[in-house]
Amino acid sequence: MDALLDVDDLVVRFATPNGDHTAVRGVSFSVAAGERLGIVGESGSGKSVTAQALMRLLGPAATVEAGAVRFEGRDVLGFSKDELRRWRGAQAAMVFQDPLSSLNPLVRIGRQVTETLREHLGTDRRTAVARAVELLSEVGIPDAPARLRDYPMTFSGGMRQRVAIAIAASCSPKLLIADEPTTALDVTVQAQVLDLMDRMTSELGTAVILISHDLGVVSTFCDRVLVMYAGRVVESGTIEEIVGAPRHPYTRALLGSIPSMTGPLPRRLPSIPGSPPQAGTRPPGCSFASRCPLAEDVCHEADPPLTGGVACHVATREIATRDTREIATREENGR
Amino acid sequence: MTGWVLRRIGQTALVLLGVVTLAFFMAYAVPGDPARLIAGPNADAATVASIRHQLGLDAPLWSQYTAFLGRLLRGDLGTSYALHGAPVAGQILQALPTTALIALGGVLWQLVLGVPAGIVAAYRPKSAADRLATLGALIGLSAPPFWIGLLLLYYLAYRSSVFPLNGLGDPLWWYLALPTFTLGLAGAAWYARMTRTQMLEVLRSPYIQMARAKGLRERTILTRHALRNGLTPLITMIGMDFGYFLGGVLIIESVFGLPGVGKLTYDAIDQLDIPIVTGAVLFAAFFVVVMNFLVDLTYAVVDPRVRNRR
């Protein structure tokens, strides 16, 4: 299947007063039409920067140093201003983390919903308003016709995120990037918003990139996961692979820090000791080495390449050993 | 909302009473004897005493104060010492239209010069345009208005006769161009800085990022999503400046020889004409306080969040 989105060796660098800092270090992945990809990592892992780079929303301090982003074969990073404008919102839409600040407080909800329709589909005012009512009703805003005239402040956080999803879905985009869409919401509302995203995107056949620090959220929603750490993809695979048989010690630690719903709770929730390397002070070798229980000498010397879906010296060796063993067993059986 | 407006009106009245009281006691504390001033240096003690009695200046302070308040309520600001008993209110009202025009023109120049400069600077921080705007603002802020006014007069009115030298005439805008420009220039620098800061903050906000992600035109983003949010804080500046200017633009009116409230006050101070000075101070305070009230009211109209809070 041809990829809808193809990201190849993306490198994003930030200019800071204390020197340059590479926030995304060679990230590659692709998303097929209708597929759902999760990107998981803690804050500072480069997952949001990756999303912003895809939408070309990076601020002036950041530059895409290398890499390619292709959408249906077209070079997104090479888009002209006009091409970019026609692509954003229509082909690729985005839902942001904080629904309280991503809607303009001084513009009525109706206007914020209709403006995308009018811009991309050339809808006339009355049709756009009618469509906005439909959209808001679809995302479960009661009394939608009246609410069009309201300002965002009269909506709760969950309702605002519903509105943001309605806006994102309004032009039936092929790709939706959701950057921590449920993080700012109450747990009960989180599930509703995920359900809504699920419904809207499966109806439209929209591919989704869901960015979250919460592996639990991602595993209920996505087909595949990328685990990012310190600007790199350290592991990738299907949900079953990542949750069922995580190979990277970081992924294992992430899974280990989710409290189990069965059995007795530990006195203290397990956490990953230490913190990710600070910007600009990244040591040579694997970025996770200093926090890794399995780290060996080689981990502090060379950054492991992503091979077979995992970037870890130890894990790769284990796989290699296992593979050799498997081959040996097979050969024995074949004899 | 209505409750808030009423409360706010009450507060405004209270502030005005404070200002009136302060103005009265300040005028009282000023050295110099108005009766002597009116009577002239050669008048005998009896004449001075009788004038003092006429003016009510020999009454106890408290009854002078209540009499002053009573007259004020009837719109009577007293009579001028120097201008042969002309009513103060009449003098000020006569000068007010000139000052109002200058104030309006000054505020307009501030907006026309300052806001676009601030927007450009915010859109392209650290660009040549930003640095130029910063430099312009620095010059505008550091150069004293009377000096700029005199320079403009010298080159554009005296040397080249493009504009009239002083006073008012027909067409009015012709005579007001230089004074209002001079008045607006210094303020424009503030407006440019303020606009730049506000717009920078707004342009960084998530809802602008969202507007970009929606694929809106940059022009739509600026006019619909950024300007309104970025420029609301300017309402305060516009309102306060207008109120402040209405109180009289002393230096500008003096430099350009315009018969406004500022010029009237300036001359009155020169002649120790206390009733005129007190009257002018009261008018100035009145405008500032009232504009303050109007500013708050405007916020409530512009920003739904403010409206709801009340």
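In what follows, every chain begins at residue 1, and chains take the letters A, B, ... in the order their sequences are listed.
- Atom CZ of A:F14 is surrounded by more than 12 heavy atoms from other residues, nucleotides or ligands within 6.0 Å.
- Of all non-hydrogen atoms in A:M153 and B:R305, the two that sit nearest each other are SD-CA, 3.4 Å.
- The closest side-chain heavy-atom distance from B:Q209 to A:M55 is not below 4.5 Å.
- Contact residues of residues 82-115 of chain A toward chain B are A:R85, A:R88, A:G89, A:A92, A:M94, A:F96, A:S101, A:S102, A:L103, A:N104, A:P105, A:L106, A:V107, A:R111, A:Q112, A:E115 (heavy-atom distance under 4.5 Å).
- For A:E65, the CD atom counts as densely surrounded, since its 6.0 Å shell holds more than 12 non-hydrogen atoms of other residues, nucleotides or ligands.
- With a 6.0 Å radius and a threshold of 12 heavy atoms from other residues, nucleotides or ligands, B:W174 has its CH2 atom above the threshold.
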Taking it one step at a time, do A:E119 and B:K214 satisfy side-chain contact (heavy atoms from CB on, under 4.5 Å)?
CA-CA 9 Å; A:E119 178 69 44; B:K214 284 159 101 176; over 6 Å; no
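- Under a cut-off of 6.0 angstrom, the local environment of CZ in B:F286 is sparse, with at most 12 non-hydrogen atoms contributed by other residues, nucleotides or ligands.
- Both the backbone and the side chain of B:R224 come within contact range of chain A, judged by heavy atoms closer than 4.5 Å.
- Residues of residues 42-49 of chain A lying under 4.5 angstrom from chain B, judged on non-hydrogen atoms, do not exist here.
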